[in-house]
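Only this structure's heavy atoms are used, side chains among them; waters, hydrogens and symmetry mates stay out.
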Amino acid sequence: VGEGGMFVGVLMEEEIPQGLELMAISAKSFFVVDGIMVYKRVLFSSFLRLIVGYMFLMAMFVNIAQTDDVLSVFYDVLALQFVESIDDVAFNLAKRGFFGLAIMEAAQKEQSLGRADGVTDSIASNESWANRLARGVYYLNAVVLLAGLVAIQLTQQGGRFRCNTLTATFEETILEKAYVEGKPELLIYSAFNGEYAENGRFNGYPRYTERNKNKGDPFKVTVGAEFVYCKTLNAWVFRHQNIRTSLKEEKEVRENAR
């Protein structure tokens with residue numbers, strides 16, 4: 001999921017390729033607008049394009065690294081793409097007169113950007129060092145992002161980047177007939193609100209055990225509740241070793257997983 005979303009995001013990003021292309025061409029020839037050299041302007045605008053592009057890639061990397069849902073990944077990429085292109089939207093609105101007459105006239109003024117040597121080749125039309133460097137940087141972006149995502153996924157298997165504590169907030173749900181050490185009693189789920197800290201592993205997944213509500217320390221005498229992962233249900237379940245919601249084990253497991 002993450003690798004596919006990362007690949008799509010790199011393909012959709014437009015600022016970095018445009019900035020690299022302009023900078024590669026600037027390394028061989030000066031740009032002119034109406035006979036006036038604009039070399040520094042082109043470099044400065046290209047540098048700004050690179051900044052915007054790498055901000056896009058960084059935001060996309062963080063979002064994908066924190067998301068485990070396919071649709072969320074692509075929605076995040078589309079949202080970032082819209083934010084990145086919002087300057088083009090504003091420019092089109094300015095050309096249509098939404099921001100005043102003076103801005104509309106400035107936006108509609110046509111200026112042709114050309115090269116001083118009159119050549120019109122693109123970044124892929126020859127094998128100069130500048131073109132090769134620009135293409136290499138573009139491909140390197142995808143390689144670095146994918147390598148970083150794979151490194152995070154491998155590191156997570158060892159327990160890093162995982163939350164060490166959970167905060168549980170149950171609704172005011174009351175189970176009229178629970179079994180506390182075999183005796184039927186009233187069970188109030190909100191009594192188990194609070195912090196749960198990682199305490200070993202269960203079924204290959206971390207086990208989160210209830211902490212003292214006043215100090216946040218582990219219980220010394222009281223037996224706390226816990227969250228563990230049930231492979232049968234493919235879900236996290238809440239349980240307490242001294243409390244049962246049903247005398248039938250299968251029904252109890254499903255109740256605790258809800």
Go through the steps for Ile64 and Leu149 under the test side chain to side chain contact (heavy atoms under 4.5 Å, CB included), then give the verdict. CA-CA 8 Å; Ile64 292 178; Leu149 188 61; 4.0 Å; yes
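- For the residue pair Gly19 and Ser46, the shortest heavy atom distance occurs at O-CB, 3.7 Å.
- In terms of the side-chain hydrogen bond (donor to acceptor under 3.5 Å, both in side chains) criterion, Glu195 has no residue partners (sequence neighbours excluded).
- Partners of Arg207 by salt bridge (charged side-chain N to carboxylate O under 4.0 Å, His left out), not counting sequence neighbours, listed by chain and number: Glu226.
- Atom-to-atom distance recorded for Asn199:CG and Thr209:OG1 is 4.0 Å, nearest 0.5 angstrom.
- Residues passing the salt bridge (charged side-chain N to carboxylate O under 4.0 Å, His left out) test with Arg49 are Glu15, sequence neighbours excluded.
- When the side chains of ILVMFWY residues are joined at heavy-atom separations under 4.5 Å, either directly or via intervening members, Leu20 and Val52 end up in two distinct hydrophobic clusters.
- Side chain of His240 to main chain of Val223: a donor-acceptor pair is present (N/O by atom type, distance under 3.5 Å, no hydrogens or angles).
- Under the 4.5 Å side-chain contact rule for hydrophobic residues, Phe56 and Leu140 do not share a cluster.
- Listed by chain and residue number, nothing satisfies the side-chain hydrogen bond (donor to acceptor under 3.5 Å, both in side chains) test with Asn193 (two or more places apart in sequence, or in another chain).
- Between Trp236 and Tyr208, the ring-plane angle classifies as tilted under the 30° and 60° cut-offs.
- For Asn141, the side chain to side chain contact (heavy atoms under 4.5 Å, CB included) partners at least two apart in sequence or on another chain are Ile16, Tyr54, Leu57, Val137.
- One finds the OG1 atom of Thr169 at 10.5 Å from the CD atom of Glu171 (value rounded to the nearest 0.5 Å).
- Annotation: side chain to side chain contact (heavy atoms under 4.5 Å, CB included) contacts of Lys231 (sequence neighbours excluded): Asn203, Tyr205, Tyr229.
- Taking CD1 of Ile243 as the start and CD of Glu181 as the end, the distance is 9.0 Å to the nearest 0.5 Å.
- Thr165 is linked by a side-chain hydrogen bond (donor to acceptor under 3.5 Å, both in side chains) to nothing, counting only residues two or more places apart in sequence or in another chain.
- Annotation: salt bridge (charged side-chain N to carboxylate O under 4.0 Å, His left out) contacts of Lys213 (sequence neighbours excluded): Glu210.
- Note: the hydrophobic cluster containing Phe238 also contains Val180 (ILVMFWY, side chain heavy atoms under 4.5 Å, direct or indirect links).
- No side-chain heavy atom of Ile174 sits under 4.5 Å from any side-chain heavy atom of Tyr189.
- For the atom pair CD1 (Ile103) and CG (Leu93), the distance works out to 11.5 Å, reported to the nearest 0.5 Å.
- Smallest separation of non-hydrogen atoms from Phe202 and Arg239: CE1-NH2, 3.7 Å.
- Nearest heavy-atom pair, Gly224 versus Phe219, reported as atom, atom and distance to 0.1 Å: CA-CD1, 4.0 Å.
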Test side chain to side chain contact (heavy atoms under 4.5 Å, CB included) on Ser45 and Leu48; report intermediate values, then the result. CA-CA 5 Å; Ser45 64; Leu48 293 180; 5.5 Å; no
Does the pair Phe61 and Ile152 meet the rule for a side chain to side chain contact (heavy atoms under 4.5 Å, CB included), with working shown? CA-CA 11 Å; Phe61 181 83; Ile152 289 178; 3.7 Å; yes
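- The distance from atom CD of Glu185 to atom CD1 of Ile188, rounded to the nearest 0.5 Å, is 11.0 Å.
- Residue pairs that meet the side-chain hydrogen bond (donor to acceptor under 3.5 Å, both in side chains) test with at least one member in residues 95-106, sequence neighbours left out, do not exist here.
- Residue-environment remark: CZ (Phe47) stays at or below the threshold of 12 foreign heavy atoms within 6.0 Å.
- Put simply, Phe91 and Phe98 are part of two different groups of oily side chains (I, L, V, M, F, W, Y) that touch within less than 4.5 Å, one to the next.
- Partners of Tyr196 by ring pair (Phe, Tyr, Trp, His ring centres under 6.0 Å), not counting sequence neighbours, listed by chain and number: Phe227.
- The side chain to side chain contact (heavy atoms under 4.5 Å, CB included) test applied to Met104 returns Leu101, Gln108, not counting sequence neighbours.
- With sequence neighbours left out, Val62 forms a side chain to side chain contact (heavy atoms under 4.5 Å, CB included) with Gln66.
- For the pair Phe192 and Ala168, the tightest heavy-atom approach, listed with the atom from each and the gap, is O-CB, 4.4 Å.
- With hydrophobic clusters built from ILVMFWY side chains whose heavy atoms lie under 4.5 angstrom apart, Tyr139 shares a cluster with Met60.
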